[in-house]
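Shown next, in structure tokens, is the structure this report addresses.
These numbers come from a predicted model, not from an experiment.
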Amino acid sequence: MARVLIVGAGLTGSLCAALLRRELPQRLSRLVLWDKARGAGGRMATSRGAQDPKCTADLGAQYVTRGPEHAEAHQRFYEDLLSHGVLKPLTAPVDGMMMKEGAENFVTPQGISSIVKHYLKESGADIFYDHRVTQIYLKNGKWEVCTNTGSSDKFDIVILTMPVPQILQLQGDIVNLINKSQRQQLESVSYSSRYALGLFYEAGTQIDVPWAAQYISNNPCIRFISIDNKKRNIESPEIGPSVVVHTSVSFGTEYLEWDKEKVQPLILDQIKEIIPDLPKPASIKCQKWRYSQVTKAFPGSAGQITLHAKPFLVCGGDGFTHSNFDGCIDSALSVLEALKSGF
């Protein structure tokens, strides 16, 4: 019976937890998830308005695309989410969307983080937020994992699902476990950066545009705008609308080291160029995504890399596959297979 720690309560981490509970329950004595944030989701983040928590906006992933190359292999995952009402087909108009032949798009009525929460609930794991891992040591055949608060705990198995650069920042015995070749491969993984802005409105506010979302190609700052409740087909007179704005990668890179408070007005100025009559929001949230999407995955895209077998220490996440729902499924399945061979 193993005490298992999964670091990162995003899509890969939550799905790993659900798969472990589903397929290896008899081998688990305790399943724990730690995340440095205050809530679940990772880059599948859904934020609430400061004035009205019922008004929500997806500041990370906007919708789920099922590619034809994964439709059969991952069918059970989509059917599960559709049957529970977590996913539903995207039917709202999205201007400028490029669609691959045979692909299908889905939205999340309760916000994109509801996918992660679905898997966390299924896993039955003990979840702890505000837990940022800083060091990992190998002591007496177990992993001692330390956090930024100075607390620590010991586990038989550790699964790291945070962005690869954050894995490389960890201290302790893990530094010596990564050989030169692995380090070079991990350092080759790269991500794009961008900002996201969530604008939250009071109930009854009208935002008059003919689309639910729009890709922008002629603005130096903004690449995507969504009227988020309209995108999800949940327009209600009792809940205010929300607007999501994603910047371009070039803008995100240029202003990456700026304070969010200084970047926010720059984005707002550009929004006014695109939607001149946009009402003043009740509240705003600016999100910096330093690690937005994987631009170069771990060589071979095997889904995971095992740093130590006994006891087990493995890394997974979209940095080892590709940045979308199917990529995270592939990684979680790869981690599961590695664990099965290591138990």
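- Annotation for E104: atom CD counts as buried by contact number, over 12 foreign heavy atoms lying within 6.0 Å.
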For this session: Dump the intermediate steps for side-chain hydrogen bond (donor to acceptor under 3.5 Å, both in side chains) on S190 and T295, then the final yes or no.
Result: CA-CA 5 Å; S190 60; T295 54; 2.6 Å; yes
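- For K285, the NZ atom is loosely surrounded, since the number of other residues' heavy atoms within 6.0 Å does not exceed 12.
- With a 4.5 Å cut-off on side-chain heavy atoms, L19 and V335 do not count as touching.
- Relative orientation of the F224 and H246 rings is tilted, given thresholds of 30° and 60° on the angle between their planes.
- Side chains of Q293 and R194 form a contact here, defined as non-hydrogen atoms less than 4.5 Å apart.
- Without hydrogens or angle criteria, S331 side chain to G317 main chain gives a donor-acceptor distance under 3.5 Å.
- In this structure, CG in D330 is found 9.5 Å from OG in S301, a value given to the nearest 0.5 Å.
- At a threshold of 4.5 Å between side-chain heavy atoms, the hydrophobic network of Ile, Leu, Val, Met, Phe, Trp and Tyr places L90 and I227 in two separate groups.
- Here N218 contributes atom CG and R223 contributes atom CZ; the two are 8.5 Å apart, rounded to the nearest 0.5 Å.
- Residues S14 and Y119 come closest through the heavy atom pair O-CB, 3.5 Å.
- Ring centroid separation for the pair Y195 and W258 does not come in under the 6.0 Å cut-off.
- A salt bridge between R66 and E72 is absent, with no side-chain N of the basic residue lying under 4.0 Å from a carboxylate O of the acidic one.
- Smallest separation of non-hydrogen atoms from D58 and G111: OD1-CA, 3.5 Å.
- V107 places none of its side-chain heavy atoms less than 4.5 Å from the side chain of N233.
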For this session: Evaluate side chain to side chain contact (heavy atoms under 4.5 Å, CB included) for F298 paired with Q185, printing each intermediate quantity in order.
Result: CA-CA 6 Å; F298 188 88; Q185 291 174 312; 3.4 Å; yes
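- A pairwise comparison of heavy atoms in G319 and Y191 identifies CA-OH, 3.8 Å as the closest pair.
- Tracing side-chain contacts under 4.5 Å through hydrophobic residues (I, L, V, M, F, W, Y), one reaches V245 starting from Y255; they form part of the same cluster.
- Remark: side-chain polar atoms of H118 are not paired, donor with acceptor, to backbone N or O of S114 under 3.5 angstrom.
- Taking the side chain as every heavy atom from C-beta outward, S123 and L31 approach each other to under 4.5 Å.
- Within 6.0 Å of CD on E101 lie no more than 12 heavy atoms contributed by other residues, nucleotides or ligands.
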For this session: Under the salt bridge (charged side-chain N to carboxylate O under 4.0 Å, His left out) rule, what do E202 and K280 come out as? Steps first, then yes or no, please.
Result: CA-CA 10 Å; E202 295 178 351; K280 183 179 179 180; over 6 Å; no
For this session: In sequence, state the C-alpha distance, the side-chain angles, and the governing distance for K288 and L256, and then conclude on side chain to side chain contact (heavy atoms under 4.5 Å, CB included).
Result: CA-CA 8 Å; K288 179 191 294 187; L256 185 60; 4.1 Å; yes
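- Taking each heavy atom of L59 and Q287 in turn, the nearest pair found is CD1-CB, 4.0 Å.
- The cluster map of Ile, Leu, Val, Met, Phe, Trp and Tyr, joined by side-chain heavy atoms under 4.5 Å apart, puts L5 and L28 in different clusters.
- Ion pair E238/K54 not flagged as a salt bridge, since none of the NZ, NE, NH1 or NH2 atoms sits closer than 4.0 Å to an Asp/Glu carboxylate oxygen.
- Taking the six-membered ring for Trp and thresholds of 30 and 60 degrees, F128 and H131 have ring planes inclined between 30 and 60 degrees apart.
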For this session: Any chance you could lay out the side-chain hydrogen bond (donor to acceptor under 3.5 Å, both in side chains) test for S283 and Q51, step after step, and finish with the verdict?
Result: CA-CA 7 Å; S283 63; Q51 309 300 323; 5.4 Å; no
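- For the pair R3 and F155, the cation-pi test (distance below 6.0 Å, angle within 45°) is passed.
- Proximity of a side-chain donor or acceptor of D259 to a complementary backbone N or O of K262 within less than 3.5 Å is not detected.
- Judged by distance alone, with hydrogens and angles left aside, the side-chain atoms of Q214 form no donor-acceptor pair with the main-chain N or O of A212 at under 3.5 Å.
- For the pair S248 (side chain) and F251 (backbone), a donor-acceptor distance under 3.5 Å is present.
- Between I127 and D35 the shortest side-chain heavy-atom distance does not fall below 4.5 Å.
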Exercise. So L278 and I207, side chain to side chain contact (heavy atoms under 4.5 Å, CB included) or not? Walk me through it.
Worked result: CA-CA 7 Å; L278 189 66; I207 300 175; 4.0 Å; yes
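- In this structure, the side chains of M99 and N105 come closer than 4.5 Å at one or more pairs of heavy atoms.
- Classification of the H322-H70 ring pair by plane angle, with boundaries at 30° and 60°, yields tilted.
- Side-chain atoms of R48 and T56, non-hydrogen and from C-beta on, do get closer than 4.5 Å to each other.
- Considering every non-hydrogen atom in both W143 and D156, the closest pair reads CD1-O, 3.9 Å.
- In summary, R76 and E79 do not engage in a salt bridge, as defined by a charged side-chain N under 4.0 Å from a carboxylate O.
- If you chain together hydrophobic residues whose side chains sit under 4.5 Å apart, F312 and L177 never meet in one group.
- Checking side-chain atoms of R43 against main-chain N and O of S292 turns up a donor-acceptor pair under 3.5 Å.
- Closest non-hydrogen pair, V133 versus L170, comes out as O-CD2, 3.3 Å.
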Exercise. Could you go step by step and tell me if T108 and T46 meet the side chain to side chain contact (heavy atoms under 4.5 Å, CB included) rule?
Worked result: CA-CA 10 Å; T108 48; T46 302; 6.0 Å; no
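- Inter-residue side-chain proximity for P241 and K230 is flagged as unmet; no heavy-atom pair is nearer than 4.5 Å.
- Between D228 and R232, at least one side-chain N (NZ, or NE/NH1/NH2) sits under 4.0 Å from a carboxylate O, which counts as a salt bridge.
- Salt bridge K36/D130: absent, no basic N to carboxylate O contact under 4.0 Å.
- Interatomic distance, I115 CD1 to C328 SG, rounded to the nearest 0.5 Å: 10.0 Å.
- For the atom pair R22 CZ and E122 CD, the distance stands at 4.0 Å (nearest 0.5 Å).
- With rounding to the nearest 0.5 Å, the separation of OG in S83 from OH in Y78 is 14.5 Å.
- Rounding to the nearest 0.5 Å gives a distance of 11.0 Å between CD1 of I159 and OG1 of T12.
- Side-chain heavy atoms closer than 4.5 Å link hydrophobic residues (I, L, V, M, F, W, Y) into clusters, and following such links, even through other members, never connects V7 to L15.
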For this session: Would you check, one step at a time, whether the test side-chain hydrogen bond (donor to acceptor under 3.5 Å, both in side chains) holds for S323 with D318?
Result: CA-CA 5 Å; S323 277; D318 60 355; 2.9 Å; yes
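- At most 12 heavy atoms of other shown residues, nucleotides or ligands fall within 6.0 angstrom of atom CD in Q110.
- Under a cut-off of 6.0 angstrom, the local environment of NZ in K88 is crowded, with over 12 non-hydrogen atoms contributed by other residues, nucleotides or ligands.
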